[in-house]
Structure formats: structure tokens, C-alpha cells
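One structure is given here, and the rest of the page talks about it.
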Amino acid sequence: AKPEQVAFDLRWFVVEAGKPLQIAFFNPDAMPHNVVVGAPGSLELIGTTGGAMSMPSDPAVKPFVPDVPQVLAATTLVTQGNTARLGLIAPTAPGEYVFVCTFPGHWVRMYGVMLVVPDLDAWERAPSVPTDPMTKQPFASQRSE
């Protein structure tokens, strides 16, 4: 997260289909944030559904993470100065998967794309830039400014 900006420092990253990966999320911000990984095209659904949820009373339930099939993995809320690690196997189907903070109101600015490619070596020889799911244009840069 970027302090006081409601933004991730990375707008997109690339992983190889079917391979294990780990997302390490450090939150330097005073606001709590989470990371929710979702299916392609699910940004608005996950963001609005998660943001409309109330804080759960059950400590085993991840706050603001909707129970919908489009959610593939999620951290709990991460408070200032803490790190969450999210281990998962990349989807086997290539595509532009989303990652988003679902704390109420954050999803419209705090999102990005996990680009799943069939072969990472082949992608590195001919890299492509994913499309911003909000603007529908290719991302201008990989890092937030």
C-alpha cells in the first residue's frame, strides 16, 4: 500500500498459470487494507459487495471479503505496520485477474491486475501490458506514481 493514498504500489504483476505464488502485502498506511484476488472482470462485483458488508462478529471471518465464486483468495484486514502473506496456486486459465482492497470505499482506487500467462519465459521475450479494469486502457506504468 502507498501511505495516505488508498493505492497499491504495484498496478499489475505477472505470474505463470498453475504455478505457486505468494503475495506479500505490507501496509504502511494508517487505514486498514486487504488484498482480494478475483476472477477476470469481477472488480466491481467484488468491490461493491465487499464494501457493503458489515464488520463480522466472528473473528474467523475475513472482514469485507464477499462469499462469491469470483473471489479466489484473500487476506484479512492488515493494520498499519503489518504484513500479510497470501499463498496460492495461480489459476490454470490465462487472463487478467484482479486484485483489490475491499475495505468500504477503497475498491475504486485500490485495485490492480494479476496477469496470468501460459509461459513466463515466453511472456518475458514478448511482454504485454494488461488493461486497467476501470479505464479499459492499457496501464501506463507498472508502479503507482
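Along the sequence shown, the residues carry numbers beginning at 1.
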Test of understanding: clusters of I, L, V, M, F, W, Y form through side-chain heavy atoms closer than 4.5 Å, transitively. Do Val71 and Leu88 belong to the same one?
no

Can you hop from Leu120 to Val116 via hydrophobic side chains spaced under 4.5 Å?
no

How close do Gln70 and Ser42 get, heavy atom to heavy atom, and via which atoms?
CB-CB, 3.7 Å

Non-hydrogen atoms of Ile46 and Gly38 that approach each other most closely
CD1-CA, 3.7 Å

Which value, rounded to the nearest 0.5 Å, describes the distance between Arg109 atom CZ and Gln5 atom CD?
7.0 Å

Quick check: is Leu77 connected to Phe26 through a chain of hydrophobic side chains (ILVMFWY, heavy atoms under 4.5 Å apart)?
no

So do the side chains of Asp132 and Arg11 get within less than 4.5 Å of each other, counting heavy atoms only?
no

Answer yes or no: does atom CG of Asp67 have more than 12 heavy-atom neighbours from other residues, nucleotides or ligands under 6.0 Å?
no

Could you measure the distance from the CE atom of Met55 to the CZ atom of Phe103? Nearest 0.5 Å is fine.
7.5 Å

Not counting sequence neighbours, which residues clear side-chain hydrogen bond (donor to acceptor under 3.5 Å, both in side chains) with Trp123? List them please.
Ser128

What's the spacing between Thr102 OG1 and Met53 CE if we round to 0.5 Å?
8.0 Å

Test item: Phe25 and His33 side chains (from C-beta on) under 4.5 Å apart, heavy atoms:
yes

State which residues pass side-chain hydrogen bond (donor to acceptor under 3.5 Å, both in side chains) with Ser141; sequence neighbours excluded, sorted by chain then number.
Glu145

Run through Phe13, Tyr111, Trp12 and flag the one making a ring-ring contact (aromatic ring centres under 6.0 Å, His included) with Phe99.
Phe13

Going by side chain to side chain contact (heavy atoms under 4.5 Å, CB included), name the residues that satisfy it together with Glu4, two or more places apart in sequence or in a different chain.
Asp29, Ala30

Would you give the length of the straight line joining atom CG of Leu10 to atom CD of Gln142, rounded to the nearest 0.5 angstrom?
6.0 Å

Heavy-atom closest contact (Ala39 atom, Val98 atom, distance)
O-CG2, 3.9 Å

Given 3.5 Å as the limit, does a donor-acceptor pair link the side chain of Glu96 with the main chain of Thr131, or not?
yes

Are Val6 and Val100 linked, directly or through other ILVMFWY residues, by side chains that come within less than 4.5 angstrom of each other?
no

Closest non-hydrogen atom pair, Thr49 against Pro66:
CG2-CB, 3.5 Å

Are there more than 12 heavy atoms of other residues, nucleotides or ligands under 6.0 Å from atom CD of Glu16?
yes

To the nearest 0.5 angstrom, please state how far the CG atom of Asn34 sits from the OG1 atom of Thr76.
7.5 Å

Nearest heavy atoms of Ala60 and Asp58, plus distance in Å
N-OD1, 2.9 Å

Shortest non-hydrogen contact between Pro133 and Phe139, atoms and distance
CD-CZ, 4.0 Å

Rounded to the nearest 0.5 Å, what separation is found between the OG1 atom of Thr75 and the CG atom of Asn82?
11.5 Å

Report yes or no: do Met110 and Ile23 belong to one cluster of Ile/Leu/Val/Met/Phe/Trp/Tyr joined by side chain heavy-atom distances under 4.5 Å?
yes

Heavy-atom side-chain proximity of Phe8 to Val35 below 4.5 angstrom
yes

